[in-house]
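What you see is a predicted model; the values in this text were computed from it and never measured. Nothing fancy with the numbering, it's 1 onward along the sequence.
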Amino acid sequence: MSRACGRHQAAALTLAALCGSACAKPAPTPRAQATAKTPTAEEHTAPKNEGKGKVDKEGDDTEPTGPAWASSTFSPRPGSVGDDRLSDLAEACGAGDVALHLVAQAAAERHDQTGEPMDLEEVSFELRRQGAPYVMPRMWAVEAGESDLPQLPDYVRKWAEAAPLLGQRRCGVGAAEREGRLTISVVAVDVLAELGPLPTAVRSGTRLDLSARLARAPTAATVVLLPPAGAPFSVDAQLERNQLTARFTPTAPGPWLVQIMATHVGGPRPVAQAVVTVGEDPPAGFAQSPVPGEDAFDSSQSKDDALFTLLNAARREHDLPALRRNPALDHVAAQHCRAMKSRGQVSHDTGSGDPARRVEEAGLRPQATGENVALAKTVPRLHRVLWASPSHRENLLLRRWDEAGVAVIEKDDGSLLATEVFIDL
């Protein structure tokens, strides 16, 4: 099986968003929304935190101001929420984290301004901006009066505990107040890795040393870099039990996304991410624009066909040959989508084996096999969140693939599960 086989958990953001959408909706208010993400590791010395909001921090009484980026990305960063009214909510969710409180505060303020919860893709941006390496965020949001606050911890606890726990749950809580009403946001993550300090901005040619302590000893781990332009690529990483180290030197100016992938039961998955901006200021704010291939979306096509069209359109924009559609691989992909739906999980192994085994059981004998899986609200968003992940984009743009199979099925809540299977003949 090739290194690319089993690229996993596309769009941890969207996955988390939709996994949370069916959770408890608090009764006290007419507008309540559940939207849709640790093992203890050694603590690192915390650099000065920068960001928006106010949090009681252990070991740092500096009040962050302004929209600046944190100077480095690292975890853990334990801390309690500064607003005593929110303490019970925070405790009901899980262990407090300084960066998560700041992200939740930003989400609450955005919700208060727009009347809608922050999109989880923007939540991910806020995680990177606050120097948090966490992936797969989930968010819970509600509008309430102060008299409703005693009732909310039970709803938060049920929501937080509804998702399967793989590592240690950490949470952040924030609130915005207007005319006696509170807009509250809760952000939760499932932590599978702790990242040593990695700067968020460097000069071109700066050599960077990455270190991470993984939740439990994985069978494999890798570091994938997504440069400001071009295809993602992996760098050599050393893994000793659950300690990962890697060294890389980014040169192209702009933001680089650094992703750590680890393989446990169920296949590889992202366990930590960071942004390092080279030779310029970090992004001023969250901006969303169409990704390569997205303009080719045709709503008249079936969902399977539409996603396959987007896949090949993205490859064409990068001067890569189009992939042939293989009905046998479509069947493999569809079976895996149904298995994920039945088990309520998004992974590469739902009990029927990894992608290579499932492809071989379909009667195919390729030289290499790869797979992307995702959960999102629409077909364009499926493609977008796959594109946003370095490891999944690596599959989308891998030149060696010859054929692909694609399947998209709808869950009971209306969200879409997708599987893309790739083979090299």
Side-chain angles (χ1 to χ4, degrees), residues 1-10 12 38-44 72-76 127-128 131-136 166-167 190-200 202 204-228 230-252 255-278 347-349 354-356 368-372 388-398 400:
M1 182 171 60
S2 76
R3 176 178 54 79
C5 174
R7 293 299 185 209
H8 172 272
Q9 202 85 340
T38 53
T40 302
E42 61 180 340
E43 295 187 13
H44 304 285
S72 64
T73 300
F74 72 99
S75 68
L127 286 171
R128 304 292 84 84
Y134 307 130
V135 297
M136 294 178 286
L166 300 176
D190 192 358
V191 182
L192 285 171
E194 307 289 10
L195 187 68
L198 190 69
T200 57
V202 298
S204 177
T206 301
R207 187 177 68 183
L208 297 175
D209 290 306
L210 179 150
S211 65
R213 188 171 184 179
L214 307 184
R216 53 184 185 271
T219 56
T222 188
V223 176
V224 186
L225 302 182
L226 180 60
F233 60 94
S234 298
V235 298
D236 291 335
Q238 291 71 51
L239 180 65
E240 294 185 12
R241 305 193 66 169
N242 64 337
Q243 189 71 38
L244 178 142
T245 57
R247 177 173 290 176
F248 60 97
T249 305
T251 54
W256 290 64
L257 182 60
V258 182
Q259 183 183 69
I260 299 176
M261 298 284 295
T263 302
H264 300 100
V265 176
R269 59 181 292 145
V271 295
Q273 289 189 167
V275 167
V276 178
T277 301
V278 176
S347 68
H348 291 295
D349 190 345
D354 62 25
T369 302
E371 182 175 80
N372 285 341
S389 167
S391 51
H392 295 85
R393 191 187 302 188
E394 189 176 27
N395 263 343
L396 293 173
L397 299 181
L398 202 60
R400 73 180 297 175

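- The two residues A237 and V223 have their closest heavy-atom pair at CB-CG2, 4.1 Å.
- Scanning both residues, P76 and Y134, for their nearest heavy atoms gives CA-OH, 4.1 Å.
- If you take CD1 on I260 and CG on L192, they are separated by 11.5 Å, rounding to the nearest 0.5 Å.
- For the atom pair CG of N372 and OG of S391, the computed distance is 7.5 Å after rounding to the nearest 0.5 Å.
- Expressed to the nearest 0.5 Å, how far CG of L225 lies from CD of Q259 amounts to 10.0 Å.
- In this structure, S204 contributes its side chain and T251 its backbone to a donor-acceptor pair below 3.5 Å.
- In this structure, the side chains of T200 and T73 come closer than 4.5 Å at one or more pairs of heavy atoms.
- Distance check: S389 OG to L226 CG gives 8.5 Å after rounding to the nearest 0.5 Å.
- Between V224 and M261 the shortest heavy-atom distance is CG2-CG, 4.2 Å.
- Nearest approach of P250 to T206, heavy atoms of both residues: CD-O, 3.5 Å.
- Summarising the geometry of V278 relative to A252, their closest heavy-atom pair is CB-O, 3.5 Å, with the distance given to 0.1 Å.
- A220 meets the side chain to side chain contact (heavy atoms under 4.5 Å, CB included) test with T263; sequence neighbours excluded.
- Atom CG of L214 sits about 10.0 Å away from atom CD of E194, to the nearest 0.5 Å.
- Judged purely by atom type and a 3.5 angstrom limit, N395 uses its side chain to pair as donor or acceptor with the backbone of E371.
- Tested against V258, the residues V235, V275, L210 include a single side chain to side chain contact (heavy atoms under 4.5 Å, CB included) partner, L210.
- A distance of 9.0 Å separates CZ in R247 from CD in Q238, rounded to the nearest 0.5 Å.
- In this structure, V191 and A215 approach most closely via the heavy-atom pair O-CB, 4.5 Å.
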